[in-house]
Protein chains: 2
Amino acid sequence: MAPTGPDRRPTLADVAARAGVSTALVSIVMRDVPGASAATRERVRRAAEEIGYRPDNRARLLRSSRSRLLGVVFGVQHAFHGDLVSGLYAAAERVGYELTLSAVTPERDELRAVAGLLQDRCEALIILGPQSGTTALADLAARLPVVVVARSVRSAAVDVVRTADDEGVQLAVDHLVALGHRDVVHVDGGRAPGAAERRRGYRDAVRRHCLTPRILPGGLTEDDGAAAARALLAGPLPSAVTVFNDRCALGLLDVLRRAGRTVPGEVSVTGYDDSRIARLASVDLTSVAQDVEQLTTLAVRRALDRLDGVPVRQREQVVPPRLVVRSTTAPPRRER
Amino acid sequence: MAPTGPDRRPTLADVAARAGVSTALVSIVMRDVPGASAATRERVRRAAEEIGYRPDNRARLLRSSRSRLLGVVFGVQHAFHGDLVSGLYAAAERVGYELTLSAVTPERDELRAVAGLLQDRCEALIILGPQSGTTALADLAARLPVVVVARSVRSAAVDVVRTADDEGVQLAVDHLVALGHRDVVHVDGGRAPGAAERRRGYRDAVRRHCLTPRILPGGLTEDDGAAAARALLAGPLPSAVTVFNDRCALGLLDVLRRAGRTVPGEVSVTGYDDSRIARLASVDLTSVAQDVEQLTTLAVRRALDRLDGVPVRQREQVVPPRLVVRSTTAPPRRER
DNA sequence: CGTTCGTCCTAGAACGTTCTAGGGCACATC
DNA sequence: GATGTGCCCTAGAACGTTCTAGGACGAACG
């Protein structure tokens with residue numbers, strides 16, 4: 001048993017004592033910066049290994065003015081946020097940054113999540129599809145750089161990285177029209193992030209093709225989609241539907257099929273997000289893919305640019321979406 | 001612009017200077033511990049408020065020996081992990097602890113996730129459904145208390161909090177048999193955490209009812225379920241199927257219905273997890289619910305008990321599951 | 001009047017790192 | 001032989017907290 005305590009975590013000083021050098025030198029070796037001979041480096045490494053030394057992030061961050069730490073706020077429910085978090089980890093690692101996560105849960109709101117991160121010395125915040133109002137985000141941005149992902153924010157203070165959601169739905173509509181559809185309905189996402197853009201994209205595309213827009217209330221869950229499907233079944237069926245997101249599309253598909261309607265036979269359906277569920281062989285939903293790789297890379301880069309004081313040209317970076325055609329869309333039936 | 005820098009984050013010293021007291025006193029006020037008069041308390045609070053002071057977690061944790069921090073490793077893809085994380089936040093808060101999250105992603109394995117947490121001075125680790133081997137977990141447990149949730153581990157070193165997965169499937173089988181089913185097939189989860197227990201529960205229950213067990217390979221994704229369904233369709237359909245989890249059940253349901261088989265008309269189906277998707281009106285899947293509240297509460301409590309050196313009676317805590325009957329199970333058709 | 005005891009407060013030392021200055025020392029250069 | 005000039009290395013001061021010892025002051029007690 002060590003004289004200082006039963007299971008005290010080993011420190012730089014312990015390693016230094018064992019290797020017979022100063023703590024500063026150990027620090028140099030551990031950080032892999034120049035200033036130590038190969039022989040000593042080896043010796044220090046071995047000593048550290050032997051006593052199971054792990055650098056203490058807290059102390060490290062406390063000392064160095066830059067923490068190289070990015071705070072990420074994400075929704076624990078959102079499957080798409082999971083994808084984004086994955087991408088962010090990779091992007092952050094590439095530039096030598098770490099991530100601290102803070103989850104938004106049904107009981108833990110965004111404010112709490114952000115407050116947690118603020119105490120952790122993050123240099124910047126990346127917030128995924130925030131629900132907070134513009135003013136709250138702007139206030140936050142006065143403290144530290146804030147990058148919002150997958151939602152647009154009307155504030156000069158925060159940076160935004162998002163998909164061109166209007167284009168996404170336009171792609172879907174164009175695809176459907178090219179297949180021969182003339183009667184395309186949109187199921188809306190209400191006040192969800194991105195819903196307004198997608199709605200606009202739908203309207204523009206439909207008008208461009210000289211068709212009449214028709215928008216049904218929807219939402220972001222399967223239940224919302226199911227409700228929309230029931231509304232749809234009440235009248236004459238359109239030949240195609242663009243749905244706010246995949247989950248909603250899934251609910252809609254399910255109700256349509258249970259009502260005996262075939263997809264894509266009687267109705268073509270498109271989703272949005274290209275989520276794992278859309279890719280499943282059994283679902284195989286035509287969907288609009290967001291470029292996670294690019295969204296996350298841009299978000300991290302923008303945060304760093306702000307930190308480095310690089311002049312930023314455009315506050316909002318918009319990434320083009322991509323249509324992934326699968327088996328829920330086909331030419332309309334030759335009838336009527 | 002302040003003399004010390006353009007946007008330095010305010011510290012205890014800044015608050016102290018403004019309120020005309022010592023830093024120690026400010027610390028006392030901020031922590032809400034006795035040792036300051038009401039008047040000064042008020043004055044310090046106001047000063048802190050005015051300059052927008054936020055305590056620095058890093059420094060705070062560095063100084064105090066106990067960090068009151070629990071590390072949580074979770075899978076960013078797993079919907080159920082999301083539920084558990086929510087519960088953990090709540091449970092930790094109740095006992096005055098904070099959580100630091102570390103995600104496992106396709107590119108970031110468990111080892112990396114754990115390493116990140118170890119540097120963060122967590123007092124204990126809570127690992128959700130780990131894929132790591134027993135020895136790796138045991139090694140880890142030599143460093144600090146490790147609580148594994150939702151998977152059983154054959155090691156005396158780590159604590160386990162899990163659902164009685166065998167009982168869960170037994171509940172499902174009993175329910176089906178009570179409805180009149182005599183031909184119940186199980187779709188397996190392979191090597192996924194919990195799969196072995198569920199398989200065993202199925203076998204036991206079926207034998208108890210003097211029926212013949214039949215187990216089909218499955219997995220944890222919708223695609224696995226779809227494959228199992230196709231295998232099922234190749235021969236005479238059983239009257240009921242218990243599936244490893246909800247996602248797999250979903251894939252199975254989809255393929256069955258597309259093949260024109262009605263559920264629960266021709267086949268009854270049960271899932272496992274009672275995930276959000278199972279609860280959807282359009283899916284409405286009979287499923288086995290895990291008691292998230294209790295799982296997370298027990299996990300946090302156990303971590304704390306270990307830290308406090310409370311003698312622990314049973315290393316493994318098993319929480320009973322609950323069957324949620326919905327519309328995918330019904331009596332078998334009166335034919336044959 | 002001297003002691004004892006609270007209450008409120010402060011000085012200064014931790015905590016485990018990194019960073020800034022600089023100290024030796026060998027080797028090359030004048 | 002003096003002077004640079006590298007390269008290794010170290011002492012000691014940060015970083016922003018919390019914690020340990022008290023100090024000052026008034027009130028209560030002998």
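Treat the numbers as computed from the prediction; the structure is a model and nothing was measured. In what follows, chains are A, B, ... by sequence order, proteins preceding strands, each numbered from 1.
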To the nearest Å, how far apart are [X] [atom1] and [N] [atom2]?
X       : N      : atom1 : atom2 : answer
A:Leu69 : D:dC15 : CG    : P     : 20 Å
B:Leu61 : D:dC15 : CG    : P     : 19 Å
B:Arg54 : D:dC15 : CZ    : P     : 22 Å
B:Arg58 : C:dT18 : CZ    : P     : 14 Å
B:Glu42 : C:dC8  : CD    : C1'   : 17 Å
B:Asp56 : D:dA14 : CG    : C1'   : 14 Å
A:Arg9  : C:dA14 : CZ    : P     : 21 Å
B:Tyr53 : D:dG16 : OH    : P     : 10 Å

5' priority, DNA chain C, between B:Ala38 and B:Leu62 [closest heavy atom]: B:Ala38
For the residue pair [X] and [Y], confirm or rule out a side-chain donor-acceptor distance under 3.5 Å.
X        : Y        : value
B:Ser64  : B:Arg60  : no
A:Arg276 : B:Gln77  : yes
B:Arg301 : B:Thr297 : no

Please list, pair by pair, any protein nitrogen or oxygen found under 3.5 Å from a nitrogen or oxygen in nucleotides 9-13 of chain D.
| residue | atom | partner | partner atom | Å |
| --- | --- | --- | --- | --- |
| D:dC9 | OP1 | A:Thr40 | OG1 | 2.9 |
| D:dC9 | OP2 | A:Ser37 | N | 3.0 |
| D:dC9 | OP2 | A:Ser37 | OG | 3.4 |
| D:dC9 | OP2 | A:Thr40 | OG1 | 2.7 |
| D:dT10 | OP2 | A:Ser22 | N | 3.0 |
| D:dT10 | OP2 | A:Ser22 | OG | 2.9 |

Pick base, sugar-phosphate or nothing for [X], based on heavy-atom distances below 4.0 Å to the nucleic acid.
X       : value
B:Ser27 : base
B:Arg31 : sugar-phosphate
B:Arg66 : nothing

Specify the angle, to 10°, made by the local axes at the two ends of the helix from C:dC1-D:dG30 to C:dC30-D:dG1 when five pairs are taken at each end. 70°
Look at A:Arg60 and C:dG16 and indicate whether a side-chain polar atom (N or O) is within less than 4.0 Å of OP1 or OP2. no
Test item: A:Arg151 side-chain N/O and A:Leu128 main-chain N/O as donor-acceptor pair under 3.5 Å: no
Could you tell me whether B:Arg66 and B:Asp308 have a side-chain N and a carboxylate O separated by less than 4.0 Å? yes
Basic-acidic side-chain contact under 4.0 Å: A:Arg45, A:Glu49: no
Report yes if some heavy atom in the side chain of [X] is under 4.5 Å from a heavy atom in the side chain of [Y]; otherwise report no.
X        : Y        : result
B:Leu295 : B:Thr163 : yes
A:Val161 : A:Ile126 : no
A:Arg9   : B:Arg121 : yes

